[in-house]
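All figures in this text were calculated on a predicted structure; none of them were measured in a lab.
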Amino acid sequence: MLRPPPGNLSLGGLRQRSVSDASDVSGNNENNDNTIPYDVRDEEAPQEPFFTSAFQTALQNGLGIANKVVTAIEKVIGSSEPSSDLGRLFKDARRLGTFRSSDTRTIAVLGDSGEGKSSLINALLHVPEIAKTGDIGAACTSVVTEYRQKTRDHTAPITIEVEYLSKSEIEDLIKELLWNYRQIFLPEVEEDTVDPKDYARYQRESEQAWSALEAGFKHQRGFNKQLLSDMAEGGLAKATSKLIQWAHELQWPGDGSSGTWKATADTAEECCEKTSIFMQDRFWPFTKIIRVYLSAQVLKTGVVLADLPGLQDTNLARVRATQTYLMKCDNVFIVAKISRAITDQSLKSSLYSILARHAPVEWEESGVKSLNLAIVCTKSEDINQKTARREFCGPDKKISPSMMEQLDKEIEDARRNNDKSLKKQLKRKHVEQVQEFLLIDARSSHVKEGLQNAYASKIPGGRLEVFCVSNTTYEKFSRKGNAEMVRASGIPELRRFCHTITAGAQLLEAKHFLQSTLSSLLSSVELWASSSQPHPQVENRGQYDESIHTFLQEITAEISNKINQSKAEFQDSFREVLSDYLEQRNHFWEDAAETKGREWTSYNAWCLNRGDHATPKRGHLNWNSELIWKMRIELAYQWGLLEDEIPTVFETLLQSIRTSLLNLQSHLRGKIQDIEYKFSLVRQDFAREVKILRLIQRYASEPNDSSYIVSEMVPAYRAAAGESGTGKAARQRSIVQGRITNGTLFPHISAKIQANIDRLVQETFRDLYDAVNIVLGLIVSDVEMVLASKPQRVDDTRNQENLEEERRKEELKAETRVLNEKHEELLASISHI
């Protein structure tokens with residue numbers, strides 16, 4: 001069983017209680033006895049630099065320095081109105097005095113209904129019932145729900161944000177739902193002419209589509225199955241038009257025109273009640289995402305838990321949305337009962353089915369190396385002890401026979417003595433518990449080793465992270481405050497792993513706060529305190545001021561030009577590496593696709609299945625994969641060149657901007673580090689953008705439901721599937737082959753690639769420009785603060801009020817220098833981290 005290591009450290013120093021702490025939201029303190037509930041804040045921190053005692057101490061000291069600056073400035077201000085410069089510094093100091101890292105990492109939690117996914121989220125959050133458990137209908141499989149740490153702006157215990165689908169997204173969804181519902185009524189889709197497995201799937205998809213449509217429109221007069229299943233000419237257009245009209249007339253809670261709805265809740269129960277209207281009834285088919293902001297220890301270090309329930313969703317629009325969200329996540333937890341991990345001969349066909357669906361080619365070739373994947377096996381407490389003893393107890397096995405025999409003896413002795421006293425009963429119960437958890441631990445180790453060995457080749461670094469947990473054990477014993485049994489549940493270990501995911505980003509942001517932002521504040525305050533000291537009159541001061549302003553403007557313009565030039569160079573590189581190549585190769589790819597298409601002999605089943613189908617005679621065949629095989633192979637090298645270009649572009653630009661700013665060195669204490677940090681953030685953001693670039697690559701190279709090839713071919717497949725009567729096969733072939741050879745298939749795919757990458761570049765360089773402008777603004781403010789001070793002759797006569805103001809500024813200057821010394825000591829203490 002897990003043992004707590006010595007010297008527990010509260011995560012991120014976030015030990016303070018508040019009325020909105022997770023323990024208060026969950027109502028864990030409502031016990032009838034004097035039992036103290038388990039305190040999640042006492043858990044051991046991960047072995048990461050950010051969580052070390054040295055760094056946490058430095059971080060707290062840094063916050064203390066910022067707050068002392070606040071106090072020092074308050075003394076200067078007194079009861080008077082501060083100047084604009086001092087007011088700005090005062091606001092900056094107060095903001096830094098409450099610094100909290102804002103960078104996040106999203107963990108997607110995937111799992112089928114009944115696998116314990118919602119219970120797992122409740123346990124990780126340490127908030128029972130915040131994620132609704134149990135099967136409450138189709139809505140559970142349709143709405144992405146994010147759990148995020150509440151911010152200073154969230155004053156209630158829980159804040160809820162709901163985002164609706166846009167009008168175009170709703171229209172796409174309705175069209176997909178209608179197709180799914182109507183496919184069962186297509187000509188020749190009948191039980192005796194279609195493979196029973198295929199027919200069962202069509203029927204399931206049709207029933208799921210009906211559930212969604214009924215939920216959204218059952219309140220409308222005129223909505224019925226006859227409207228949806230009218231297969232006569234014009235029937236589909238009529239149904240589509242009517243449903244879209246009704247959808248646009250839907251009365252959302254609050255102001256539906258904004259596309260969002262916000263509310264607050266005091267308890268998890270109230271939160272579930274308020275979000276349930278978007279998970280059931282008329283709204284859930286058109287709800288895009290639900291965000292829940294609360295205070296939970298696992299979220300305080302930047303973790304975002306995302307419940308992606310749509311594993312069984314068959315609607316193409318929903319599948320595409322889930323795929324897009326999934327590929328943007330930083331980590332993926334696949335949740336399945338431990339019994340499945342043991343009994344399934346092919347884990348790939350069960351736990352990994354969703355990933356294979358998202359990226360089938362990549363899965364076959366390289367596994368999930370583009371995803372940071374972990375498997376969470378739930379219900380570890382569900383064990384057959386007799387079977388487990390046979391498998392894990394014995395010579396050269398995980399549990400020695402002597403250990404198990406000793407426990408058996410203690411239990412038997414307690415029974416034989418037949419001592420009814422409470423003390424004896426508790427002792428026997430404890431021994432039985434120890435014995436059970438020995439077996440549970442042995443089985444968990446066995447499962448971990450088996451999964452890691454089986455899938456080492458498909459995971460980055462060759463190691464698959466596997467966790468075996470018991471949500472039931474955690475919930476039961478966390479209420480009772482039994483820390484040993486809580487650790488045995490495996491939840492604290494998994495929560496600790498969540499913290500390691502964000503540790504790097506937290507360290508980077510916190511180091512910037514200490515090394516750059518705090519340094520910049522101290523420098524600016526000292527500069528302000530020194531700026532109005534008596535000094536000789538500068539000759540031609542007006543000319544001098546104007547020259548400084550001109551120089552600042554020149555530097556700003558120079559940096560702006562460098563960013564624009566870098567952007568242009570990157571766009572040129574993109575055109576050279578990818579855009580021109582696409583145009584040159586389109587017709588070759590069409591020829592290769594046409595050649596593959598000629599090999600196809602059976603159309604109906606493949607058209608009904610979006611080109612991806614299998615039969616006993618022909619085996620599995622993915623038409624979409626065959627159509628883009630040549631493009632995928634040839635583009636692989638070009639994608640690599642484009643990715644390699646990105647770090648070079650940014651390093652060159654950073655050095656160029658740094659050179660420009662060195663000309664302002666006398667005013668730049670901390671500012672150079674500011675620029676470098678903001679570039680590091682942009683690099684981080686661009687690393688995520690590179691992930692989007694890879695997502696674009698996946699859309700172009702994978703035959704999944706979100707791919708460009710499926711998007712282009714689906715209308716042809718569906719048109720062909722609607723054919724019937726004499727000559728049906730010939731017409732189906734003509735429709736599908738005509739789409740392949742009409743000269744637009746690959747140009748359309750190329751256009752989508754170029755448009756998405758161009759948008760990516762525009763957004764990235766805009767963010768870069770904004771980040772640099774923020775730092776330039778601080779530099780300009782400091783310089784103008786000096787220039788704006790009124791010079792005085794040394795022999796000027798000053799009144800008592802001026803003397804008092806100067807005395808306060810001298811005190812501020814002296815105190816700032818003391819704080820600077822403490823800050824230097826602080827930086828020295830973390831120089832090795």
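In this structure, the separation between CD on Q762 and CD1 on I757 is 13.0 Å, given to the nearest 0.5 Å. Rounding to the nearest 0.5 Å gives a distance of 9.5 Å between CG of D705 and CD of E176. Atom OG in S573 sits 10.0 Å away from atom CG in L578 (nearest 0.5 Å). For the atom pair OG1 of T473 and CD1 of I440, the computed distance is 6.0 Å after rounding to the nearest 0.5 Å. Here the CZ atom belonging to F477 is positioned 13.0 Å from the CZ atom belonging to R487, to the nearest 0.5 angstrom. Within the model, atoms CG of N331 and OG1 of T106 stand 9.5 Å from one another, a figure rounded to the nearest 0.5 Å.
Using a 30° and 60° split on the angle between ring planes, F467 and F497 fall in the tilted class, from 30° to 60°. Relative ring orientation between H154 and Y293 is described as tilted, the plane-to-plane angle lying within the 30° to 60° band.
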Next item on the list: Would you check, one step at a time, whether the test side-chain contact (heavy atoms from CB on, under 4.5 Å) holds for F574 with Q754?
Entry: CA-CA 9 Å; F574 164 63; Q754 294 178 73; 4.1 Å; yes
Margin query: Under the criterion side-chain contact (heavy atoms from CB on, under 4.5 Å), I'd like the reasoning laid out for Y147 against V304: C-alpha separation, chi angles, the key distance, then a yes or no.
Written below: CA-CA 6 Å; Y147 297 92; V304 175; over 6 Å; no
Margin query: I'd like to know whether I501 forms a side-chain contact (heavy atoms from CB on, under 4.5 Å) with I107, so could you lay out the CA-CA distance, the side-chain angles of the two residues, the decisive distance to 0.1 Å, and finally the verdict.
Written below: CA-CA 9 Å; I501 291 171; I107 301 173; 3.6 Å; yes
Checklist line | side-chain contact (heavy atoms from CB on, under 4.5 Å) between L635 and L582, worked out | finding: CA-CA 9 Å; L635 278 183; L582 291 170; 3.9 Å; yes
Item checked: Residues E48, T500; criterion side chain to side chain donor-acceptor pair (under 3.5 Å); working and verdict -> CA-CA 7 Å; E48 296 285 343; T500 66; 5.1 Å; no
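Electrostatic pairing of E449 and K398 counts as a salt bridge here, judged by a charged N lying under 4.0 Å from a carboxylate O. The pair R148-E146 meets the salt-bridge criterion, with a side-chain N (NZ, NE, NH1 or NH2) lying under 4.0 Å from an Asp/Glu carboxylate O. With respect to the salt-bridge test (charged N to carboxylate O, under 4.0 angstrom), the residues D612 and R610 do not qualify. Between E163 and R291, at least one side-chain N (NZ, or NE/NH1/NH2) sits under 4.0 Å from a carboxylate O, which counts as a salt bridge. In summary, E43 and R496 do not engage in a salt bridge, as defined by a charged side-chain N under 4.0 Å from a carboxylate O.
The shortest side-chain heavy-atom distance between T104 and T502 does not fall under the 4.5 Å cut-off. Counting only heavy atoms from C-beta outward, the side chains of K448 and C468 approach each other to under 4.5 Å. Side-chain contact between H512 and E509 is absent, with no heavy atoms from C-beta onward closer than 4.5 Å. Counting only heavy atoms from C-beta outward, the side chains of V162 and T260 never approach each other to under 4.5 Å. Inter-residue side-chain proximity for Q452 and V466 is flagged as met; some heavy-atom pair is nearer than 4.5 Å. You'll find the side chain of H126 reaches within 4.5 Å of the side chain of S478, heavy atoms only. Side-chain contact check for L124 versus V109: every heavy-atom pair is 4.5 Å or farther apart. With a 4.5 Å cut-off on side-chain heavy atoms, L125 and L299 count as touching.
For M631 against A700, the heavy-atom pair with the smallest separation is CE-O, 2.9 Å. Scanning all heavy atoms of the two residues, the minimum distance from L373 to L464 falls at O-CD1, 3.9 Å. In terms of heavy atoms, S380 sits closest to R443 at O-NH2, 2.6 Å. Residues C498 and V298 approach most closely at CB-CG2, 3.9 Å, considering heavy atoms. In terms of heavy-atom proximity, A131 sits nearest to I121 at CB-CG2, 4.0 Å. Taking both residues in full, the closest heavy atoms of N471 and G116 are given as ND2-O, 3.2 Å, listed atom of the first, atom of the second, then distance.
Counting only distance, with no hydrogens or angles, the side chain of S701 and the backbone of R632 share no donor-acceptor pair below 3.5 Å. Between the side chain of N122 and the backbone N or O of I130 there is at least one donor-acceptor pair closer than 3.5 Å. For the pair S711 (side chain) and S707 (backbone), a donor-acceptor distance under 3.5 Å is absent. With hydrogens and angles disregarded, no donor-acceptor distance shorter than 3.5 Å links the side chain of K379 to the backbone of A336. A donor-acceptor contact shorter than 3.5 Å is absent between the side chain of T287 and the backbone of I289. A donor-acceptor pair under 3.5 Å links the side-chain atoms of N756 to the main chain of K752, judged by distance alone. Between the side chain of N372 and the backbone N or O of D330 there is at least one donor-acceptor pair closer than 3.5 Å. Although no hydrogens or angles enter the test, the distance criterion places no donor-acceptor pair under 3.5 Å between the side chain of S625 and the main chain of N622. Checked by atom type and distance alone, the side chain of D307 never pairs as donor or acceptor with a backbone atom of T145 at under 3.5 Å.
There is a side-chain donor-acceptor pair under 3.5 Å between Y474 and R495.
More than 12 heavy atoms of other residues, nucleotides or ligands shown are found within 6.0 angstrom of CD on E169.
With ring centers used as reference points, F50 lies 6.0 Å or more from H499.
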